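Please read the structure below before turning to the comments.
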Number of protein chains: 2
Amino acid sequence: MDHKTLQSYIQPVIELAEEELALLMSCAIKRPLKKGEQLLKQGEVCSTFYLVESGYLRTYYDREGVAINMNFTFEGDFTSNLRSYRSRLPSELIIEAGEDTIAWIFNLRQLSQQYDTYPNVTRFVRRLAISQLLAAQEHSDLFKLYTPTERYRHIEKNNPHLLQRVSLSQLASYLGVTRETLSRIRAKNN
Amino acid sequence: MDHKTLQSYIQPVIELAEEELALLMSCAIKRPLKKGEQLLKQGEVCSTFYLVESGYLRTYYDREGVAINMNFTFEGDFTSNLRSYRSRLPSELIIEAGEDTIAWIFNLRQLSQQYDTYPNVTRFVRRLAISQLLAAQEHSDLFKLYTPTERYRHIEKNNPHLLQRVSLSQLASYLGVTRETLSRIRAKNN
DNA sequence: TTTCGATTGTGATTTTGATCACAGGTCGCT
DNA sequence: AGCGACCTGTGATCAAAATCACAATCGAAA
């Protein structure tokens, strides 16, 4: 990934100088993943955030062998486990490749040592965190406010790309229903 | 509220100097509320955060006249609507007094003008935001992971004070069930 | 203490989604 | 082309919670 590409991903979050981009890149490692390979394992303490260059990442809980999907991260988007990073407690979440994926791993602790010198990098990381949390909250509000069918329609309207990229079975737990129910919701739709 | 009391509320978030506390206080207004009075109305843009001195605040959506509770904020705790603050879009959430309450209103936009001079105040606000969002997320994860009964037990274990302070009817929508169902869950418990 | 209003408990019924079971379909691999 | 693994669709049944209806209880104010 060149600086220009990185910059295009960071642009929506904050404007960074060349020097700041260079710092970010110096704390990053490119990581190609086969479908199903795990970037963050259950029980690991998270000290990084991830940028997806191609493919997508799936963030999920493993409830007695059953995956419950919490998030999907696509090209140009960032993800992490902030709870684990912040508390330094082992992650309950797993982050893995939903298909063959190229991800970039940014070392947050390493980055944070430079915070005093590069305040814009601090701002960038902070905004990233807040955006992520606000987005997660927005999604989980759906569970209190809407029925399964309404949740599906909401995704259809606001995140239609999800339906293209993720299999029905994967989407089901993200919407908090079984795959059978989601199949029936979709059938009624047409 | 004197500086000492304020400091004791802020302490868990960050250590602040006397000068920084003074700045915070200068951006704050004391606001006594009768039960049911609204601090943040639906449709208002949120530009403040709130500290509860006594009583409690209830944050909820109004779904066609039915309240769906998202959060309860008790003595010594802070709350806000970060989504509205950040996006400058009208708030869908309502924040109101759950009983007679004394709240402090902190003007965030006013405060943020001093961010360059008082970096610790910036850090304080940032941490407050992240804590709030992480807590909100933790609560909403319950909806994907657990059944209504398990959610109730989780609250019983991790937030027992909620059961003392909030009526069954109020708690029901917070747990995503009807009051009848919550009453039955509780009946089985004993 | 009595009364009114709000809150909670509880039964009967209905609705929704989960579970179980299995039949196609699709895709990659050999 | 044929096999096998995985994914999707669909019916039948079951379980859980919503809804509806009303009784019991509690609490504040007269």
Side-chain angles (χ1 to χ4, degrees), chain A residues 33-37 55-56 58 60-69 72 96-101 140 142-156 160 162-190, chain B residues 34-37 55-56 58 60-61 63-69 72 96-101 140 142-156 160 162-190:
Chain A
L33 296 148
K34 286 277 161 207
K35 174 173 179 168
E37 264 191 279
Y56 77 87
R58 184 165 71 90
Y60 66 98
Y61 283 104
D62 183 323
R63 275 283 277 167
E64 291 131 35
V66 182
I68 299 177
N69 294 319
F72 302 97
E96 71 171 48
E99 46 187 60
D100 292 358
T101 295
S140 37
L142 298 183
F143 282 73
K144 271 200 192 167
L145 294 171
Y146 303 128
T147 63
T149 305
E150 289 172 322
R151 295 202 285 273
Y152 177 75
R153 300 244 194 279
H154 191 275
I155 296 294
E156 237 183 352
L162 251 186
L163 309 183
Q164 311 308 317
R165 289 294 293 277
V166 171
S167 78
L168 176 144
S169 304
Q170 294 297 341
L171 192 66
S173 71
Y174 182 72
L175 291 175
V177 295
T178 59
R179 47 176 205 79
E180 292 96 329
T181 300
L182 181 51
S183 172
R184 285 175 183 124
I185 288 171
R186 200 206 298 212
K188 271 178 211 159
N189 228 12
N190 310 328
Chain B
K34 287 279 161 208
K35 174 173 177 169
E37 264 191 279
Y56 76 86
R58 184 165 71 88
Y60 66 98
Y61 283 102
R63 275 283 277 166
E64 289 133 36
V66 181
I68 299 177
N69 293 319
F72 301 98
E96 71 170 49
E99 44 188 60
D100 290 0
T101 295
S140 36
L142 298 182
F143 281 74
K144 269 199 194 170
L145 294 171
Y146 303 128
T147 63
T149 305
E150 289 173 322
R151 295 202 285 273
Y152 178 75
R153 301 241 194 282
H154 191 274
I155 296 292
E156 236 183 354
L162 251 187
L163 309 183
Q164 311 308 317
R165 289 292 294 277
V166 171
S167 78
L168 176 142
S169 304
Q170 295 297 343
L171 193 65
S173 71
Y174 182 72
L175 291 174
V177 295
T178 59
R179 45 173 207 82
E180 292 95 328
T181 300
L182 181 52
S183 172
R184 288 178 178 118
I185 288 172
R186 196 185 352 198
K188 272 179 212 157
N189 227 13
N190 308 329

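Note that the structure is predicted; figures quoted are calculated from it, not measured. Throughout, a chain's letter reflects where its sequence line sits, starting with A, and its residues are numbered from 1.
- Rounded to whole Å, atom C1' of dA16(D) lies 12 Å from atom CZ of Arg151(B).
- Judged by distance alone, the side chain of Gln170(A) and the main-chain N or O of Ser167(A) form no donor-acceptor pair under 3.5 Å.
- Electrostatic pairing of Asp100(B) and Lys35(B) does not count as a salt bridge here, judged by no charged N lying under 4.0 Å from a carboxylate O.
- Cation-pi check for Arg63(B) over Tyr61(B) is not met; the charged atom does not lie both under 6.0 angstrom from the ring centroid and within 45 degrees of its normal.
- One interatomic measurement links the two molecules: NZ of Lys188(A) to P of dT15(C), which rounds to 13 Å at whole-angstrom precision.
- For the pair Ile185(B) CD1 and dT10(C) P, the interatomic distance rounds to 14 Å; values are reported in whole Å.
- dG25(C) atom P lies 17 Å from atom CG of Leu168(A), rounded to whole Å.
- Nearest heavy atom pair, residue Leu168(A) against residue Arg186(A), reads CD1-NH2, 2.8 Å.
- Put simply, CG on Leu182(A) is 15 Å from C1' on dT16(C), counting in whole angstrom units.
- Looking at heavy atoms from C-beta onward, Val66(B) lies out of side-chain contact with Tyr60(B) at the 4.5 angstrom threshold.
- Projected onto DNA chain D by closest heavy-atom contact, Arg184(B) and Arg179(B) fall at different nucleotides, the more 5' of which corresponds to Arg184(B).
- Proximity of Arg186(B) to the phosphate of dG9(C): a side-chain N or O atom is located under 4.0 Å from OP1 or OP2.
- Of the candidates dT10(D), dT8(D), dT7(C), the closest approach to any side-chain atom of Ser167(A) belongs to dT8(D).
- Proximity of Thr181(A) to the phosphate of dA18(C): a side-chain N or O atom is located under 4.0 Å from OP1 or OP2.
- Atom NZ in Lys34(B) sits about 14 Å away from atom C1' in dA28(D), given to the nearest Å.
- Within the 4.0 angstrom heavy-atom criterion, base atoms lie near Thr178(B).
- As a whole-Å value, the separation of Ile68(B) CD1 from dA18(D) C1' is 14 Å.
- Closest to the side chain of Glu180(B), from the set dC22(C), dA21(D), dT19(C), is dA21(D).
- dT8(C) atom P lies 10 Å from atom CG of Leu171(B), rounded to whole Å.
- Within the structure, a side-chain polar atom (N or O) of Ser169(B) is placed less than 4.0 Å from OP1 or OP2 of dT8(C).
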